[in-house]
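Every value quoted in this text rests on a predicted model; they were computed, and no experiment measured them. In the text below, chain A, chain B and the rest are named by the order of the sequence lines, each starting its count at 1.
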There are 2 protein chains.
Amino acid sequence: MKTQIKRSGLALSENYLDKVAHRFKALGEPTRLKLVHALMAGEKSVGVLVEETGLNQANASRHLHNLVQAGIVARRKDGNFVYYRIEDATVFDLCDLVCNSLREQHKQASGLFQG
Amino acid sequence: MKTQIKRSGLALSENYLDKVAHRFKALGEPTRLKLVHALMAGEKSVGVLVEETGLNQANASRHLHNLVQAGIVARRKDGNFVYYRIEDATVFDLCDLVCNSLREQHKQASGLFQG
DNA sequence: CAACTAGTTGATTGATTAGTCATCTATTGG
DNA sequence: CCAATAGATGACTAATCAATCAACTAGTTG
């Protein structure tokens with residue numbers, strides 16, 4: 001097993017592909033994006049995140065765990081509270097890129113009907 | 001239903017979140033990343049992609065369809081062949097960002113054991 | 001039109017995953 | 001030590017999705 005893509009001349013290990021995909025996948029869920037967006041304003045406790053997003057507490061906790069696993073978010077415990085914050089600043093750029101691209105494609109799509 | 005996040009002061013519609021997530025999700029699968037990577041060298045037919053990636057033909061076709069739906073890849077039919085190409089150039093930047101971030105975090109992680 | 005080639009799609013299976021409830025752990029304050 | 005609070009987690013359900021085979025469509029060539 002443990003195959004590699006060699007045919008393209010560029011050795012791109014399955015393992016590395018998995019890691020990149022894992023990062024994208026973490027951002028590929030509306031619920032997690034909602035949490036990330038809430039955290040863009042700064043570090044917040046789970047309770048605050050739950051209140052702001054309207055998510056079920058257990059669900060929020062799971063998704064936050066997922067984001068930590070993906071290296072996107074960091075966790076800090078203080079007393080009874082647990083605070084999460086953006087750990088990987090590139091998510092700002094990633095989201096910007098996607099948002100701009102969506103805007104761009106939307107513009108082009110609507111332009112089709114305006115000559 | 002049709003709720004919006006208003007508590008954060010920034011109106012971010014569920015619908016928009018879904019669109020962004022959809023874009024990320026398309027890149028959140030190793031198989032699709034493999035296809036995208038293969039297409040980064042330029043437009044290719046399904047057959048060539050199948051050969052280069054080692055994917056099952058039907059499976060490749062499905063994932064390519066998925067990438068088209070996500071606005072990442074474009075499709076062009078010519079005679080008996082169907083050619084796919086990168087449609088949204090931001091995938092280059094997206095992948096670069098994630099790769100750099102992974103490298104960075106890997107560096108920091110290994111640094112923990114080197115003082 | 002028949003045979004062939006390239007690619008798509010229906011149907012199915014198995015795996016993964018989001019959401020939820022109830023329970024559990026950890027921390028704080030009385 | 002007890003009650004209360006914040007958050008995580010086990011167990012479960014339902015939904016989603018990747019992979020595959022077989023059947024199909026569309027275009028080409030004899």
Side-chain angles (χ1 to χ4, degrees), chain A residues 1 3 5 14-15 17-39 43-70 72-85, chain B residues 1 3 5 14-15 17-39 43-70 72-85:
Chain A
M1 302 306 163
T3 51
I5 309 173
E14 297 278 344
N15 201 301
L17 228 49
D18 285 350
K19 277 182 188 151
V20 178
H22 184 236
R23 191 57 76 86
F24 279 124
K25 186 183 250 172
L27 296 173
E29 208 60 55
T31 308
R32 283 193 289 273
L33 274 186
K34 207 187 279 191
L35 286 166
V36 166
H37 179 255
L39 288 175
E43 190 184 63
K44 285 173 186 169
S45 71
V46 175
V48 168
L49 287 168
V50 164
E51 198 197 342
E52 284 188 5
T53 60
L55 293 174
N56 174 293
Q57 190 271 318
N59 198 22
S61 189
R62 281 185 202 288
H63 281 298
L64 287 165
H65 179 74
N66 185 314
L67 288 167
V68 171
Q69 295 297 93
I72 294 170
V73 150
R75 198 185 108 114
R76 175 176 73 86
K77 183 161 191 181
D78 184 16
N80 234 347
F81 295 80
V82 175
Y83 297 92
Y84 287 92
R85 65 178 182 280
Chain B
M1 299 307 159
T3 52
I5 308 174
E14 298 278 343
N15 201 301
L17 269 179
D18 285 351
K19 277 181 188 150
V20 178
H22 185 235
R23 191 58 76 85
F24 278 125
K25 187 182 251 173
L27 296 173
E29 208 61 54
T31 307
R32 283 192 290 272
L33 275 186
K34 208 187 278 191
L35 286 166
V36 166
H37 179 255
L39 288 175
E43 190 184 62
K44 286 173 185 168
S45 71
V46 175
V48 168
L49 287 168
V50 164
E51 198 197 341
E52 283 187 5
T53 60
L55 293 174
N56 174 294
Q57 194 272 324
N59 197 22
S61 187
R62 279 185 203 288
H63 281 298
L64 287 165
H65 178 75
N66 185 314
L67 288 166
V68 171
Q69 294 297 93
I72 294 171
V73 150
R75 197 185 110 114
R76 176 176 73 85
K77 183 161 190 181
D78 184 15
N80 235 345
F81 294 80
V82 174
Y83 297 92
Y84 287 92
R85 64 178 183 280

>> In this structure, how many angstroms lie between the C1' atom of dA6(D) and the NZ atom of Lys44(A), rounded?
In response: 18 Å

> Looking only at side-chain N and O atoms, does Thr31(A) come under 4.0 Å of OP1 or OP2 in dG19(C)?
Replying inline: yes

>> Expressed as a whole number of angstroms, how long is the span from Leu35(A):CG to dG7(D):C1'?
In response: 14 Å

> Rounding to a whole Å, what distance do you find between Asp78(A):CG and dT5(D):C1'?
Replying inline: 15 Å

> Contact class for Gln57(A) (heavy atom, under 4.0 Å): base, sugar-phosphate, or nothing?
Replying inline: base

>> Under a 4.0 Å threshold between the charged nitrogen and the carboxylate oxygen, would Glu14(A) count as salt-bridged to Lys34(B)?
In response: yes

> Just to confirm, is there a sub-4.0 Å distance from OP1 or OP2 of dA6(C) to any side-chain nitrogen or oxygen of Tyr84(B)?
Replying inline: no

> With a 4.0 Å cut-off on heavy atoms, is Asn56(B) in touch with a base, just the backbone sugar-phosphate, or nothing at all?
Replying inline: sugar-phosphate

>> Counting only side-chain nitrogens and oxygens, does His63(A) get under 4.0 Å of the OP1 or OP2 atom of dG19(C)?
In response: yes

> Once you round it to whole Å, what is the distance between P of dG10(D) and CG of Asn59(A)?
Replying inline: 16 Å

> Taking all non-hydrogen atoms of both residues, which atom of Val46(A) and which atom of Leu64(A) are closest, and how far apart?
Replying inline: CG2-CD1, 4.1 Å

> Under 3.5 Å, is there an N or O donor on one side and an acceptor on the other linking the side chain of Arg62(B) and the base of dG7(C)?
Replying inline: no

> With a 4.0 Å cut-off on heavy atoms, is Tyr83(A) in touch with a base, just the backbone sugar-phosphate, or nothing at all?
Replying inline: nothing

> Do you know the tightest heavy-atom contact between Glu52(B) and Ala38(B)?
Replying inline: OE1-CB, 3.8 Å

> Which pair of non-hydrogen atoms, one from Ala70(B) and one from Ala26(B), has the smallest distance, and what is that distance?
Replying inline: CB-CB, 3.5 Å

>> Looking at dC17(D), I'd like to know if its phosphate oxygens (OP1 or OP2) sit under 4.0 Å from a side-chain N or O belonging to Lys25(B).
In response: yes

>> Quick check for you: among dA18(D), dG7(D), dG7(C), whose closest atom lies nearest to any side-chain atom of Val82(B)?
In response: dG7(C)

>> Distance check needed: dT28(D) P versus Phe81(B) CZ, whole Å only.
In response: 10 Å

>> Between P on dT8(C) and CG on Leu64(B), what's the gap in Å once rounded to a whole number?
In response: 7 Å

> If only atom types and distance count, is the side chain of Arg85(A) paired as donor or acceptor with the main-chain N or O of Leu39(A) below 3.5 Å?
Replying inline: no

>> Just the rounded figure in Å: distance from P of dA6(D) to CZ of Arg75(A).
In response: 16 Å

> Can you tell me how far P of dT25(C) sits from NZ of Lys77(A), to the nearest Å?
Replying inline: 13 Å

> What nucleotide, of dA22(D), dG7(C), dT20(C), holds the atom closest to the side chain of Ala58(B)?
Replying inline: dA22(D)

> Using a cut-off of less than 4.0 Å, is there contact between a side-chain N or O of Arg32(B) and OP1 or OP2 of dA18(D)?
Replying inline: yes

>> Between Asn80(B) and Ala60(B), which residue's closest nucleotide on DNA chain C lies nearer the 5′ terminus?
In response: Asn80(B)

